[in-house]
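Since the structure is predicted, the reported quantities are computational estimates derived from the model, not experimental observations.
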Amino acid sequence: MTSIGAVAAVVFVVVFTVDGWTRPGYGPARQPVSALALGSRGWIQTANFVVCGAGVCAGALALVSISWPLSTAVEVFGVALVASGVFPMDAMRGYPPGTPDNTPEHYSRRHRLHDHAGAVVFVSLPAAAAIAALTPALGVPSRTYSAVTAGVFATLFVVFGRAWEDDSPRAGLWQRLTILVGWAWLAHLFVLHQH
């Protein structure tokens, strides 16, 4: 089961990277990954959220034998990823092409739900890493990697949050760095404990 989670984590990053670089009118450095769920090719990222989330949930079940708090935190992360796909963000900041290049004053209900799901994603993953850092069954190297991941991920998420609020031209880049750090750790965790 953990191999499913590992594959899901890796495929998620590969899909949004390739789709982002090949999507007309989309700027990966500025736009968040979630914006890929908009437009005519939006179904690709929507499916990416849902499939990855489901794969992570399946993998999380196998982590119960190591630590039920760790399994629960990863499960919550997976469910929040699915919700991120079910509730897409609003069009804004020039994407999809033709959208005004600003931030709307008011958001739709689905966008607010997407934001809530995203908050759970970006809080539950470093929480899972922190729990892993305190889990004796993982061993010292894995626990150390988990502790470093929790700190780096949380720091990068704060940087991304500020960049997003300021509509920085590098907001998308900061988000991608955050995701890369977190998802790489998650894939490592799953691979380390294949059953």
Side-chain angles (χ1 to χ4, degrees), residues 1-20 32-34 36-37 44-87 114-161 173-195:
M1 292 283 274
T2 55
S3 58
I4 295 172
V7 170
V10 172
V11 169
F12 182 81
V13 174
V14 170
V15 169
F16 79 65
T17 300
V18 172
D19 192 27
V33 169
S34 293
L36 287 168
I44 297 172
Q45 182 55 35
T46 296
N48 198 25
F49 274 128
V50 174
V51 171
C52 176
V56 167
C57 286
L61 294 174
L63 297 176
V64 173
S65 61
I66 301 163
S67 162
W68 71 262
L70 176 59
S71 173
T72 301
V74 174
E75 197 75 46
V76 167
F77 168 78
V79 171
L81 268 182
V82 172
S84 295
V86 172
F87 304 107
H114 180 84
D115 275 355
H116 294 321
V120 174
V121 165
F122 285 100
V123 170
S124 60
L125 191 56
I131 292 168
L134 300 173
T135 303
L138 293 180
V140 174
S142 188
R143 290 172 61 193
T144 302
Y145 178 31
S146 298
V148 170
T149 296
V152 172
F153 186 96
T155 301
L156 286 172
F157 178 54
V158 169
V159 173
F160 160 64
L173 177 61
W174 285 113
Q175 186 195 41
R176 281 162 172 76
L177 288 173
T178 308
I179 290 172
L180 187 59
V181 167
W183 273 243
W185 169 80
L186 188 62
H188 163 81
L189 178 69
F190 283 138
V191 167
L192 197 64
H193 300 285
Q194 287 187 29
H195 295 293

Minimum-distance pair of heavy atoms, taken over all atoms of Arg143 and Thr135: CD-O, 3.2 Å
From CH2 (Trp183) to OG1 (Thr178), nearest 0.5 Å: 9.0 Å
Nearest heavy atoms of Val191 and Ala6, plus distance in Å: CG2-CB, 3.7 Å
Interatomic spacing from CG in Leu36 to CD1 in Ile44 - rounded to 0.5 Å: 8.5 Å
Flag side-chain contact, heavy atom, 4.5 Å: Val79 against Cys57: yes
For Gly55 against Ala8, the heavy-atom pair lying closest together: CA-CB, 3.9 Å
Atom pair OG (Ser146) and NE2 (His188), whose distance is rounded to the nearest 0.5 Å: 6.0 Å
Heavy-atom side-chain proximity of Val56 to Phe12 below 4.5 angstrom: no
Side-chain (Gln45) to main-chain (Val33) donor-acceptor, under 3.5 angstrom: no
Interatomic spacing from CG in Leu192 to OH in Tyr145 - rounded to 0.5 Å: 10.5 Å
Between CG on residue Leu63 and CD on residue Glu75, distance to nearest 0.5 Å: 9.0 Å
Which atom of Ala128 lies closest to which atom of Val74, heavy atoms considered: CB-CG2, 4.0 Å
Min side-chain heavy-atom separation Val158-Trp174 under 4.5 Å: no
Close side-chain approach of Leu125 to Trp185, heavy-atom, < 4.5 Å: yes
Mutual orientation of the aromatic rings belonging to Phe122 and Phe157 [parallel < 30°, tilted 30-60°, perpendicular > 60°]: parallel
Inter-residue atom distance His193.NE2 - Ser65.OG, 0.5 Å rounding: 8.5 Å
Candidates Leu70, Ile66, Thr149 - the one meeting side-chain contact (heavy atoms from CB on, under 4.5 Å) with Leu189: Leu70
Residue pair Gly53 / Leu81: nearest heavy atoms and the distance that separates them: CA-CB, 3.8 Å
Minimum side-chain heavy-atom gap Val82-Phe49 below 4.5 Å: no
Side-chain donor or acceptor of Ser71 paired with backbone N/O of Ala60 under 3.5 Å: yes
Considering all heavy atoms, the nearest Ile131-Pro69 contact: CD1-O, 3.8 Å
